[in-house]
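One structure is given here, and the rest of the page talks about it.
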Amino acid sequence: MEDAPWWPSGLLERTAEHATSDLVRTPWGLLTHWDIETAMNEVWWEDLFDGAQTWGEWPQNVASVSLQHESRAGRWVNLDTRYTALLLPFATGQDLSMLARYTPWCEALEPCDLLLPIGGMFAKGGDYVVLFPFHEPLGVEALEGHQRSLAQGLTKVHAALDFDATPNTERRWNDRLKAMEDELQTKTLWRAPHTDQTVGLPPVHVSLEAITRNDERLLFVPQPRSVADYLLCEEDRLPSLAGIMHLEQAWAKHTPLSEDQRQAWLATWEEHAPKRWSSGRALSTALGGAWVWRYHANILQLANATLYGDSTEEERCMSWLSDVSRLQARLGNLRFLKSGLWVGVIGVVVAWFGTQWSTFSSGGGIAIAASSVAFAWLSNRLYWRMDPPPY
């Protein structure tokens, strides 16, 4: 049986039993599954299976169902040239439909470069069918030269959802990295603190393979939560910087990016994101910044490559991850400089007690305290000046 792009062929072979099974057991966990082949019959759209619920627009009297294309998200079909329907073979939650079903998000996203769903069906805790206005995907090749527009469009989507941002969940974000590192055995380790300005946003998943055009505008067609993310990570809200680094690294998968090009991605994000998101500390590599989210994007790409048996992509991701140790070595040197602050504090304490106990003269204590403060100040300045740039 030939594997479709959405089948996790890197973890298990597809069999006739899998095609009709409600549950698929993988080495990473269980997947709720349904046979999307049944939806290729026009009659199915009139007679849904038990437990299914529809929302928004739902097609009536469907005369033709034809395959448009398939992707890792699922199967895209044309319904009477009225709708483009995404058939999701695995239930990974309702992130996609909630963009339209939750009124505050839908209203906030309406002006953005996003093709929102207009209807669908969910069952067993996940989206199974999502309907969009009829459209055709452009393909990555057609996006050449539009990197700035894409970065700008996604940043505006994130900015529109700022009203519903949630505080930094540093521990959970680091737990995501650990879960993927442990399962993929990457031999890398990265944990980062994050500033209070780094906030979580409602999930909007995008892909370079799911972009269409409306007049002169490029529109993202939002995607479901990925199967790899669903199996390996807890559900969570990620910051805007995570989304823009995901898009940047998706582009780098097709066309390697230079330092200047990475800087351009970030500059576009900074220009259109709320200012507090892009403060110096929020972008500091010592505090995680853009680089830890590039790492997150690459390790998630590796998980997808492993899931779908893409050996070429696995090699590319492992090559990228092999360079992480060099960046972390620089961060290790920075932590040594940061320790100068504590040396300064200890010096001031020693000077104070030494003066109180007459171990030092008054002038000697002042000199020790002053030199300790100067040492701490100099160490702190060097620490921030040597912070690797975010690009």
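- Follow the hydrophobic side-chain contacts under 4.5 Å out from Leu12 and you never reach Leu30; the two are in separate clusters.
- For residues 230-271, no pair satisfies ring pair (Phe, Tyr, Trp, His ring centres under 6.0 Å), with sequence neighbours left out.
- Every residue meeting the ring pair (Phe, Tyr, Trp, His ring centres under 6.0 Å) condition with His135, not counting sequence neighbours, appears here in chain and number order: Phe132.
- Screening His296, Glu314, Arg316 against Gln301 for a side chain to side chain donor-acceptor pair (under 3.5 Å) leaves a single residue, Arg316.
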*Would Arg217 and Asp113 count as a salt bridge (Lys or Arg N to Asp or Glu O under 4.0 Å) if you check the C-alpha gap in whole Å, the side-chain angles of each, and the deciding distance to 0.1 Å?*
CA-CA 7 Å; Arg217 295 170 62 202; Asp113 296 336; 2.8 Å; yes

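- The main-chain N or O of Ala192 is found under 3.5 Å from a side-chain atom of Asn174 such that the two form a donor-acceptor pair.
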*Verdict with reasoning, Arg172 to Glu234, per salt bridge (Lys or Arg N to Asp or Glu O under 4.0 Å)*: CA-CA 8 Å; Arg172 290 174 62 90; Glu234 294 294 328; 5.4 Å; no

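- For residues 189-207, the set of pairs meeting the salt bridge (Lys or Arg N to Asp or Glu O under 4.0 Å) definition, not counting sequence neighbours, comprises Glu181-Arg191.
- Atoms CE and CG, from Met180 and Asp175 in turn, are 11.0 Å apart once rounded to the nearest 0.5 Å.
- Taking Ser66 as the reference, nothing meets the side-chain hydrogen bond (donor to acceptor under 3.5 Å, both in side chains) condition, with sequence neighbours excluded.
- At least one side-chain heavy atom of Leu99 sits less than 4.5 Å from a side-chain heavy atom of Val204.
- A donor-acceptor pair under 3.5 Å links the side-chain atoms of Glu170 to the main chain of His194, judged by distance alone.
- Listed by chain and number, the residues in a ring pair (Phe, Tyr, Trp, His ring centres under 6.0 Å) with Trp45 are Trp58 (sequence neighbours excluded).
- The backbone N or O of Ser284 lies less than 3.5 Å from no partner atom in the side chain of Asp387, so there is not a single donor-acceptor pair.
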*asked:* side-chain contact (heavy atoms from CB on, under 4.5 Å), that's the test. Do Val221 and Thr84 meet it? Break it down for me.
replied: CA-CA 11 Å; Val221 182; Thr84 296; over 6 Å; no

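- Remark: Glu37 pairs with Arg75 by the salt bridge (Lys or Arg N to Asp or Glu O under 4.0 Å) rule, at least two apart or across chains.
- Side-chain contact between Val65 and Asn41 is absent, with no heavy-atom pair separated by less than 4.5 Å.
- Using a distance-only test at 3.5 Å, with no hydrogens or angles considered, a donor-acceptor pair links the side chain of Gln147 to the main chain of Gly145.
- Residue Pro117 comes nearest to Pro222 through the heavy atom pair CD-CG, 4.3 Å, listed as atom of the first residue, atom of the second, then distance.
- The minimum heavy-atom distance between Gly51 and Ala123, with the atom names listed, is O-CB, 4.0 Å.
- Between Pro89 and Gly74 the shortest heavy-atom distance is CD-CA, 3.8 Å.
- With sequence neighbours excluded, the residues that form a ring pair (Phe, Tyr, Trp, His ring centres under 6.0 Å) with Tyr295 are Trp190.
- Rounded to the nearest 0.5 Å, atoms CG (Asp127) and OG (Ser97) are 3.5 Å apart.
- Between Leu283 and Leu266, the closest side-chain pair of non-hydrogen atoms falls below 4.5 Å.
- Between the side chain of Thr212 and the main chain of Glu136, a donor-acceptor pair closer than 3.5 Å is present.
- Not a single donor-acceptor pair under 3.5 Å links the side chain of Glu315 to the backbone N or O of Thr312.
- For the side-chain hydrogen bond (donor to acceptor under 3.5 Å, both in side chains) test, residues two or more places apart in sequence or in another chain that qualify with Glu183 are Trp28.
- Residues passing the ring pair (Phe, Tyr, Trp, His ring centres under 6.0 Å) test with Tyr102, sequence neighbours excluded: Trp105.
- Side chains of Thr198 and Thr195: a donor on one and an acceptor on the other come within 3.5 Å.
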*Take Val157 and Val206 through the test side-chain contact (heavy atoms from CB on, under 4.5 Å) and record every step on the way to the result.*
CA-CA 11 Å; Val157 167; Val206 299; over 6 Å; no

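- For the pair Thr155 and Thr268, the minimum side-chain heavy-atom distance is 4.5 Å or more.
- A side-chain donor-acceptor contact under 3.5 Å links Tyr83 and Glu57.
- Proximity of a side-chain donor or acceptor of Ser371 to a complementary backbone N or O of Ile368 within less than 3.5 Å is detected.
- Thr169 meets the side-chain hydrogen bond (donor to acceptor under 3.5 Å, both in side chains) test with Trp173; sequence neighbours excluded.
- Listed by chain and number, the residues in a side-chain hydrogen bond (donor to acceptor under 3.5 Å, both in side chains) with Ser278 amount to none (sequence neighbours excluded).
- Few gaps surround CZ on Arg82; more than 12 heavy atoms of other groups in view lie less than 6.0 Å from it.
- A ring-ring contact (aromatic ring centres under 6.0 Å, His included) with Trp34 is found for one member of Phe90, Trp44, Phe122 and no other, namely Trp44.
- Judged purely by atom type and a 3.5 angstrom limit, Trp320 has no side-chain atom pairing as donor or acceptor with the backbone of Ile299.
- With sequence neighbours excluded, no residue forms a side chain to side chain contact (heavy atoms under 4.5 Å, CB included) with Lys187.
- Salt bridge annotation for Arg225-Asp95: absent, with no cationic side-chain nitrogen under 4.0 angstrom from a carboxylate oxygen.
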